[in-house]
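The structure under discussion appears below in the form of C-alpha cells.
Worth knowing before you read on, the calculation uses all heavy atoms, side chains too, and leaves out hydrogens, waters and symmetry mates. Remember, it's 1-based here, ligands and their atoms both numbered in the order they're listed.
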Amino acid sequence: MSPVNLLDFDLDGLAAHCQTLGEKRFRAVQLFRWIHQKGAADFGQMSDLAKSLRDKLAGSAVIRPLALLSEQASTDGTIKWLFDVGNGDAVETVFIPEDDRGTLCVSSQAGCAVGCRFCSTGHQGFSRNLSTGEIVAQLWFAEHHLRQRLGLAAGERAISNVVMMGMGEPLQNYAALVPALRTMLDDHGYGLSRRRVTVSTSGVVPMIDRLREDCPVALAVSLHAPNDALRDQLVPLNRKYPLAELLQACRRYLASAPRDFITFEYCMLDGVNDDPEQARELIALVHGPRAEQRVPCKLNLIPFNPFPASGLKRSPRERVMAFARQLQEAGIVTTVRKTRGDDIDAACGQLAGEVQDRTRVHKRMTRPVIRIEPSTQDLT
Ligand code: SF4
C-alpha cells in the first residue's frame, strides 16, 4: 500500500487518521504543528512525539513535497516556482513581497478547463485537479523555504496572504480546496486570517454558495465584462452562470464573508471592454436597479499581460486611468493593479506551467482572435 501523504489532511482529517493508528487528537495537533508550523518532513525530528508513534508513521505515511523544476526571481522581488506534479504536468506558484505583506499565489489545477480568452493558463487546456496535499505543498514549501532564505526570526512568517489565483479554477476543485483552506486558516497550521485568504473564481455559482457554508474566506470574482454578451466571449462559464445569477450569489456570499465587499477583477483589454460606455454599464451592473440589489464591491482593474495566442492587446494606460476615474466618481472603490514579475512571466494571467491538455481547450482556442466585439455571438 502506498504511504499516506499527511499534507492531504486538515486537522480534523489528521485526527481521524491518527485515531486509526490508536492515537488521541492531541497527538494529531502536535504532528500538525510539526508539519505546518515547523516545516518538518522527517518524523525523526518530531522530538515530542512518542517513539512508537514516530515508528508507526515512518512505516505508513509521508510528508510529500512537490518536486521543484525551476525558480525564477524578478528584479522586483517576485519569485516564481515551477513544480512537477507528474505525467508531464507542471504548475506554478508565485511569491509577491510588498512592504506590509507577503502574498503567495497558489495553483489549484494543472491547467484550467474554463478557457478565459485573456488567460495564458486557459490557453494551455486542462489536465487534472491537484490534490489537497499538492495545493498545501505549495504553501508549505514557500513558507519554510522563504523563512530560511530571508533569515526570518523564530515566529516570523514569510507569507501573510494567500490568493487562490494561480493556475486553475479553484471552485472546480472544491473537494480538495476546502481542506487546504482549513489548513491555511488553522491556528495550529498557518494561522492565516479569513480576510487574508482569497479564493478567486470565474463564477461557479453553486460552489460560491457551498464555500459560504463550508469555509467563508475573502472572495474575488473575475468579471471582465459589464454584460452577458461580452462575458460569454471572454469567460465561457458565463453561458452557464450568467451575470444576474453570479451577482445574486455574490450578495448571498456577503452575509457570511469575512470582508464586507467582493473584489471584482476586470482585465483591461484594448478596444474590447475598456470604453466609457462599458464603464457606465459596469457601474449600473454592480449598483443594481434598486439599492438592495447593489453589490458592495471593490473593482480591481488589471492591465492585460499579452501573450501571442490571445490576439488581444493591453489597454493604453490613459484609458485604464480614465475607466478607473469613472468608477471612482460613481463611488466604487477602484484600484489599478501594479504588474509584478513582468520579467519572469509571473504577472496575472501569465502562468502557463506545462500541461498535458486532455480537454482540447488549447485546440479550440488557437484560432486567431483579433478583436472581440460585444455583438459577436460565438467565436469558438
Ligand atoms: S482566468 Fe482563471 S478561470 Fe479563467 S482560464 Fe485562467 S485560470 Fe481558468
Side-chain angles (χ1 to χ4, degrees), residues 80 82 85 89-94 104-130 134-135 138 162-174 176-177 198-208 211 219-225 230-243 246 249 262-269 272-273 300-307 309-312 314 337 339 345-355 357-367 369 372 379-380:
K80 180 171 82 170
L82 182 71
V85 292
D89 293 326
V91 300
E92 293 178 323
T93 308
V94 181
L104 193 71
C105 181
V106 171
S107 294
S108 56
Q109 297 179 310
C112 183
V114 175
C116 299
R117 284 278 166 194
F118 47 83
C119 173
S120 188
T121 303
H123 276 254
Q124 289 277 308
F126 175 72
S127 180
R128 69 169 176 89
N129 284 329
L130 299 188
E134 289 168 329
I135 297 171
Q138 297 169 63
V162 169
V163 291
M164 296 302 306
M165 286 187 192
M167 298 170 69
E169 163 53 71
L171 295 187
Q172 287 186 338
N173 185 14
Y174 191 79
L177 174 72
T198 301
V199 167
S200 175
T201 179
S202 56
V204 190
V205 165
M207 293 302 159
I208 293 175
L211 190 67
L219 186 70
V221 172
S222 300
L223 207 55
H224 309 304
L230 179 58
R231 196 163 189 271
D232 283 353
Q233 301 302 316
L234 295 175
V235 184
L237 195 68
N238 194 69
R239 296 171 199 172
K240 193 162 182 192
Y241 305 115
L243 280 168
L246 176 57
I262 303 286
T263 302
F264 287 128
E265 311 280 355
Y266 195 99
C267 182
M268 298 294 290
L269 304 167
V272 173
N273 64 357
N300 190 14
L301 303 183
I302 305 168
F304 174 57
N305 290 296
F307 57 98
S310 72
L312 298 163
R314 178 185 288 194
R337 185 180 290 174
T339 62
D345 286 351
C348 191
Q350 283 186 324
L351 301 186
E354 290 166 17
V355 173
D357 181 9
R358 301 184 207 286
T359 52
R360 299 175 58 235
V361 167
H362 179 69
K363 200 165 166 210
R364 291 203 305 274
M365 294 180 74
T366 43
R367 295 183 197 177
V369 180
I372 296 172
L379 288 171
T380 56

Q. Are side-chain heavy atoms of Leu246 and Ile208 found at a separation under 4.5 Å?
A. yes

Q: Count up the protein N, O or S atoms sitting under 2.8 Å from atom 6 (Fe) of ligand 1, would you?
A: 1

Q) Considering residues at least two apart in sequence or located in another chain, which fulfil the salt bridge (charged side-chain N to carboxylate O under 4.0 Å, His left out) criterion with Glu134? A) Arg128

Q.
Any heavy-atom pair between the side chains of Phe118 and Ser310 that's under 4.5 Å?
A. no

Q: Using ring-ring contact (aromatic ring centres under 6.0 Å, His included) as the criterion, list what pairs up with Phe264, not counting sequence neighbours.
A: none

Q: Measure the acute angle between the ring planes of Tyr266 and His224, then classify it against the limits of 30° and 60° as parallel, tilted or perpendicular.
A: tilted

(Q) Could you work out, with side chain to side chain contact (heavy atoms under 4.5 Å, CB included) as the rule, every residue matching Ala176, not counting sequence neighbours? (A) Thr132, Ile135, Asn173

